Chemist: 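Before we start, here is the structure in question, set down as structure tokens.
Here is the naming used below: chain letters follow the sequence lines, and residue numbers restart at 1 for every chain. Worth saying up front: this structure is predicted, and the values here are computed from it rather than measured.
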Amino acid sequence: MTDISKDTETAALLEGLNEPQRRAVTSPGGPLLVLAGAGSGKTRVLTHRVAFLITAQGVRPHEILAITFTNKAASEMKERIETLVGPIARTMWVSTFHAACARILRREAPVLGYRQNFTIYDAGDQVRLIKKCLAELDFDVKRFPPKGVHAVISSAKNRLLDAEAFAEMVDSFFDDTVARTYELYQKKLFANNAMDFDDLLMRTVDLFHRFPERLDHYRHSFRHILVDEYQDTNHAQYSLVNMLGSEHRNVCVVGDDDQSIYSWRGADIRNILDFEKDYPEAEVIKLEQNYRSTQTILSAANHVITNNRDRKSKELWTALGQGNPVRIAELEDEHTEARFVAGEVSSLEHEEDFHHGDIAVFYRVNAQSRVLEDTFVRYGIPYRVVGGTRFYERAEIKDGLAYLLVIDNPADSVSFARIVNTPKRGIGTATVMALTRFADAEGLSLMEAAARAGEIADLRPAAVHALTAFSRQMTELAVTAATSPVAGTLEETLTGCGYIEALQSERTVEAEGRIENLMELVGVAEEYDRRAPQGSLSEFLQEISLYTDMDKLAEPSEAVTLMTLHNAKGLEFPVVFIIGAEEGVFPHSRSLEEQNLEEERRLCYVGMTRAMQRLYFTHASTRNLYGARSYNMASRFIAELPDELVKVEAPRSRARYGGSGGFAGADLGAGAHEGSGEVGQVVPEFFHEGDRVVHAVFGKGVVIGVEAGGTVAVRFDLDSSERKLMVEYAPLRKA
DNA sequence: TTACATCATTTTTTT
DNA sequence: AATGATGTAA
């Protein structure tokens, strides 16, 4: 490349960047902290910086390690860099911490005593194994809930405390129990040739401690390290960055302390607050110009977040203009709330230039999505739910993968236990217990023990037969796996083991859905086979165990997006609703007790700053959540919004369908409650014979009759059909 | 062993 | 409300 073309290329990289962005992109090396406010073009800076390093600094792509928070973010970044510098970018390491560690560990597993095809356990697998440990140690699962024990062990691992170190710090009876469980749990993981999510980080750090020459190798080869979302790193991740960065010290971290929302997962906000202490020579760049939201939204968000004490001062601004006020609506209950949102969605769609895909609804807990979904279905509003029960956590998917895991790694007793009697093949708990005893006594894995089931004294012939048959089948499948593509192995497994058949015989819609999900899994495998013709079952499983659904929902959609506030991180939408803004819901009751209010507030800040043009808060005076009715005050976050930026409106619940703009009454003032006399009263007078109306599903029509009980008859233009509709529930409004 | 019923418990966020 | 654990009958 000539100097001239190199210069033009560099110039192109800097085009359209503001001053601080440009400084961040071109900073030559050394520690660099970029405090990137929401919507400040952070991803752009990161990708352009990488491109700059490659084209202008002569850094070779494989010398760059870029860490992102999700797999989705990783593949996006890779793509964007590729468009800047070409296919050479593919040799870069762009991934999450967990994926990078898995890649290192797979290479280095033997020195740690693991085999390369070790299995990765997700949270569910971890809890199941912990349950087994508790049972084996005769601990009462009532007093020591597996989930709670898991949480403690996980947090210990995130702080890089192994069982021994943890045992030394024990200061309660509970922790003592955990310590003993931890020890056994870790032994079992090792025996299963398995690592859990937290191990991926911890074992890597361990590897570097015990084998300094391995560390030397990696820290020498990574000349530049970039970490996105640095505010959400935990101690183990922090240590990894410091270890790997200690030679070249070209550590560039990007983050926003105001968006740290994962402390419950071990994220330590001090990692970002203290970066300048860790690297005194660090250059610090603040990105405060926002390119996403209106000034009103930003000012409102700024007001809320300034109530937090522990933060680096930062004030977002924009050149995009004032925009509309933040709208706050108080509703009766969760149903009214959902109908309000649905009604607004319809108005935004019909009366303004927004599409369903422009709109997102955020809530604090997944359970809140149900009412919303029911309502959207009634209104005929297309929606998609992000998160919730995820594809890879569905029972049938885990089952299918468990088969593959056992075929690949017969030592994996957790997956073995999962499938040995799924579908039913007469191997019940008694048999499995006898098998386990035998395996332990003989020092075998469950799979090996099953092959020798005949030697187990207290097994009935039927059980022996079932076990040997199962073991033989698995062995045969392992042969298939060695020669077939992954998709073929999976199909062979699912049909050969009678899994599909068992589902088919259920003859239910649910079972049909499960079969479809499994076919989708086969599709995932096919895609892998295409992408990596030389790939192995091992590699496929490694890849998939770090894969979550978050990864593929990036695609633009024609549906309203429903998700939790946590999932909203990193996204943006023209219109955002934050629902359930009530004390106890958001902020969540648990965080009130645990004094985690600042984190809840950051969550609110994250949610608000996703909005580009319109932002709504809704709260309900009463709500049914988890089967109990509660009466909540409006969220303190609402109170923290300055009056001049908001428009507080309380719709007269049912009447508004007859009104024109969506809201019947305006400016009732903060905290104004609806007259309870109005609540529950249907107001059919709003519709009269001859009125032109619009229905969300059936379209335009005319009222041809008003009946008692809040029912109107409407003839629709589209097909001249006549329908009777409940004014209370029908998505109907005046045209 | 399995299928079914009842009982109890547990409700945040996820790589 | 929904899920999981436990108990009971076949």
Chemist: Heavy atoms only, 4.0 Å cut-off, all strands: where does A:Phe69 land among base, sugar-phosphate and nothing?
Modeler: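 Sugar-phosphate: the residue A:Phe69, judged by heavy atoms under 4.0 Å, touches backbone atoms but no base.
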Chemist: Phosphate oxygens OP1/OP2 of B:dT2: is one of them under 4.0 Å from a side-chain N or O of A:Asn421?
Modeler: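 Checking A:Asn421 against B:dT2: at least one side-chain N or O falls below 4.0 Å of OP1 or OP2.
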Chemist: Between the side chains of A:Tyr392 and A:Asp122, does any donor sit under 3.5 Å from an acceptor?
Modeler: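 On atom types as modelled, these side chains do not qualify, holding no pair under 3.5 Å.
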Chemist: Students often get this wrong, so: under 4.0 angstrom with heavy atoms, is A:His588 touching a base, only sugar-phosphate, or nothing?
Modeler: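 Here A:His588 touches the backbone only, sparing every base.
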Chemist: Does anyone know the first and last nucleotide of DNA chain C in reach of chain A, 5' to 3', at under 4.0 angstrom to a heavy atom?
Modeler: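 Nucleotide range in contact with chain A: C:dA1 to C:dA5.
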Chemist: Where the side chain of A:His98 is concerned, which of B:dT2, B:dT15, B:dT1 is the nearest nucleotide?
Modeler: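 Output: B:dT15.
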Chemist: Report the nucleotide, chosen from B:dT11, B:dT1, B:dT15, that has the shortest atom-to-atom distance to any side-chain atom of A:Thr96.
Modeler: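 Shortest atom-to-atom distance from the side chain points to B:dT15.
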Chemist: Looking at B:dT1, I'd like to know if its phosphate oxygens (OP1 or OP2) sit under 4.0 Å from a side-chain N or O belonging to A:Thr431.
Modeler: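 For B:dT1, OP1 or OP2 has a side-chain N or O of A:Thr431 closer than 4.0 Å.
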Chemist: If you look at every strand shown and take non-hydrogen atoms under 4.0 Å, does A:Lys131 touch a base, only sugar-phosphate, or nothing?
Modeler: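 Result for A:Lys131 = sugar-phosphate.
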Chemist: Would you say A:Trp264 stacks on B:dT13, if stacking means ring centres under 5.5 Å apart and planes within less than 30 degrees?
Modeler: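 The base of B:dT13 is stacked with A:Trp264 (centres under 5.5 Å, planes under 30°).
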Chemist: Please classify the nucleic acid contact of A:Thr429 as base, sugar-phosphate, or nothing, using heavy-atom distances under 4.0 Å.
Modeler: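 Nothing, no nucleic acid heavy atom in range.
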Chemist: Do A:Asn567 and A:Thr564 have a side chain donor and acceptor closer than 3.5 Å?
Modeler: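 Yes, A:Thr564 and A:Asn567 have a side-chain donor paired with an acceptor closer than 3.5 Å.
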Chemist: Measure from NZ or CZ of A:Arg265 to the centre of the six-membered ring of A:Tyr262 and say whether it is under 6.0 Å with the direction within 45° of the ring axis.
Modeler: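 Here A:Arg265 passes the 6.0 Å and 45° test against A:Tyr262.
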Chemist: Using distance alone, with no hydrogens and no angle criterion, decide if A:Ser260 and A:Asp257 have a side-chain donor and acceptor under 3.5 Å apart.
Modeler: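 A:Ser260 vs A:Asp257: no donor-acceptor pair found between side chains.
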Chemist: Closer than 4.0 Å, any side-chain N/O of A:Thr564 to the OP1 or OP2 of B:dT14?
Modeler: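 Answer is yes, contact under 4.0 Å.
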Chemist: With no hydrogens and no angle check, just 3.5 Å: does a side-chain donor-acceptor pair link A:Glu599 and A:Ser263?
Modeler: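 Yes.
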Chemist: Under 4.0 angstrom, heavy atoms only, what part of the nucleic acid is A:Ala99 near: base, sugar-phosphate, or nothing?
Modeler: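 Answer is nothing: A:Ala99 stays at 4.0 Å or more from every strand.
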Chemist: Would you say the side-chain atoms of A:Gln186 and A:Lys157 include a donor-acceptor pair closer than 3.5 Å?
Modeler: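 Side-chain D/A pair, A:Gln186 to A:Lys157: present.
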Chemist: Between A:His465 (NE2) and B:dT1 (P), how many Å, whole number?
Modeler: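 Going from A:His465 (NE2) to B:dT1 (P), I get 16 Å.
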Chemist: For residues A:Asp258 and A:Asn308, is any side-chain donor paired with an opposing acceptor at under 3.5 Å?
Modeler: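 Side chains of A:Asp258 and A:Asn308: no pair found under 3.5 Å.
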